[in-house]
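First up is the structure itself, then whatever we jot down about it.
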Amino acid sequence: MFLRLMQFCLLLTLCTVQLVHSSEQTLWLKLEQLDDLRATHGAQFTEQLPLLESELAIATRDEQNYFRLLEAYRHGLTGDLTEAYLTVKPLISPTTEENLRLRATAMATNVLVLSQQYLEAFHYLNELTTQLNDTHAPKTIEQASAVIALTLIQLSKFDDATFYIDTLQQQAESGKALCHASYLNVEVLAGKKLWRELEEKAWQAAEYCADFGENLYSLLILNKFHEMLIETERYEESVSFYQEQYENYQSTRYSALIAFTKALAANAYISLGEFSTAHELIQKAEALINIDETNQASQLIYQVKYLLAEAENNYQLALAAYKEFSRRQSDFRDDASAREQAFHLARAQVTAKNRQIELLNKDNLLLHLQQEVLSKEAQNARLLIGLFLVLFLAAGVLAYRGLTGRHRFKHLAEFDALTGISNRYHFNQLAEQSLSTCKQKNITMGVVMFDLDHFKQINDQFGHAVGDWVLQQVVNSCRNFMRLDDVFGRLGGEEFAILLPGCHADKALMLAEICRDAIEDIDTSASGHEFLLTASFGVTSSDSSGYDLKQLLADADAAMYHAKKQGRNQVHFFSGREAVNPSA
Ligand SMILES: Nc1nc2c(ncn2[C@@H]2O[C@H](COP(=O)(O)OP(=O)(O)OP(=O)(O)O)[C@@H](O)[C@H]2O)c(=O)[nH]1
């Protein structure tokens, strides 16, 4: 245990700074100075930290957390691991500044391993290994790497530990950090029983640490060298080593370390047959520690006592010592086994948790994809509805345009584009219907037909546009005098016909005369030209021509022809072979 407690010092890194507080310094700066002081001036650190508590009331959240972290170190240094853990635990929270949180996690890992609460410790170890990266502050990387490496060494995971030792070496900003890395490296070599390599590196590492004032680490390294001498049965060298380093070990005042070294030396003396010296050393070692406790020093002392008693043939004493040694060895094995089990359990729990997270992530992904599919479906449905609407509207527009087109087409087919009255085809249709009705009801049908006089001359003289204008004016003038059921049509060119249901010859003649007069009265000056406009009219009725349209028109045409022949601008009624001119 004593060595492990010393290993706690691994947390206490970095430079030696004499603390000189000034009232102008921020609390953070003061805390940083104390932080640096921990490793080298533990007593000073322990005394001075509580003095800063009064400043916490106006401190920032980070300063308060930094203070708590140092408080935890203080408890650790005084051996109160429970209080150290209770103080550091609240800092392992997502709201804590990242470097402080990682340092707190490293601290918790170390304290829990020392308290043999391995399962929790390895959970923190896992957090440390997954969260530590190059972006953290050098102090955080150094401390976390050291704790991870040390914990892995205790689990005999030497290759994994080497990775973090390398990280520590690469990131080390100070000679002290490099010294710690060297120490851990020697621990790995000892754990792997690479004695030759250890022998090559140990002295250099020890001297390196001594140069940076890290005497404790220097001696811990040499302790491994000493163990190597015993393991490789180099007893004389062990004795020489002990004699050379005796003063150094004494100066540390770490009684457990001194006791351990004395016990190693005693072992060497036994092998060299120098039993009395071995006795003396064992007694001194025993006096330095609480022999009843289970720790590495007491285990070694009982082992050496057993070897000594056996060498002296004192089997009763040898048996008693062996029992004590064996009990401690068994305790250590149990502890190692508990550590190993907890490590695997923690790893399994973390793996299970990660799997659970992975499954949840997969579920989330699935849900996300389902949501995407649903939203795509909704989008497609909206698009389809939109498409249907567009198609529906297009169909509506097409139907409407079809209807209006047909209507327009029908209109174009039935009405004269220039004058707006029925064309010959439509006139014939309407006339047939009207004649049929009149015939059925025995109603007289009057028929008027007229043709503009010398229209060709107007066209020729004033242009086709003036001719068109004339045609429109003529239709408009005559239409004014028609009833709703009269049928007015343009039969072609400048020839027009009017059917007058219920009109006998006199009424038809009168309407023809009115129209002739109206045409003659048209003021042509609006066309830009002044000229005389007249038309010749032929009139008949069903009373004399019957109800056959062709006959009626033919008779009206004959009367009109007669009007032309008689000098134009006059109305003639058809009366058999000879047409009558009422205006003559
Ligand atoms: N501006 C115009 N001229 C047309 C239209 N339809 C036919 N005409 C013209 O009407 C003229 C008819 O001439 P004619 O058949 O010789 O008859 P007219 O000159 O009126 O002579 P009479 O009927 O004997 O008085 C031709 O010159 C045609 O080109 C039309 O829609 N617009």
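For the numbers below, each heavy atom of this structure counts, side chains included, while hydrogens, waters and symmetry mates do not. Counting starts at 1 for both ligands and their atoms, in listed order. For clarity, every value in this text was computed on a predicted model and none was experimentally measured.
Between F537 and H572, the distance separating the two ring centers is not shorter than 6.0 angstrom.
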Enumerate, atom names and distances included, each donor-acceptor pair closer than 3.5 Å involving a side-chain atom of residues 456-471, sequence neighbours excluded.
unit_1 : atom_1 : unit_2 : atom_2 : d
K456   : NZ     : D460   : OD2    : 3.1

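Ionic pairing of R424 and D416 is not present here: no N-O contact between side-chain nitrogen and carboxylate oxygen is shorter than 4.0 angstrom.
For I58, the CD1 atom counts as loosely surrounded, since its 6.0 Å shell holds 12 or fewer non-hydrogen atoms of other residues, nucleotides or ligands.
Partner of F450 under the ring pair (Phe, Tyr, Trp, His ring centres under 6.0 Å) criterion, chosen from F455, Y561, F496: F496.
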Test salt bridge (Lys or Arg N to Asp or Glu O under 4.0 Å) on K139 and E142 and set out the steps. CA-CA 5 Å; K139 202 182 268 189; E142 280 177 19; over 6 Å; no
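The contact shell of ligand 1, taken as protein residues with any non-hydrogen atom closer than 4.0 angstrom, comprises D451, L452, D453, H454, F455, K456, N459, H464, G467, D468, L471, R490, G493, E494, K564, R568.
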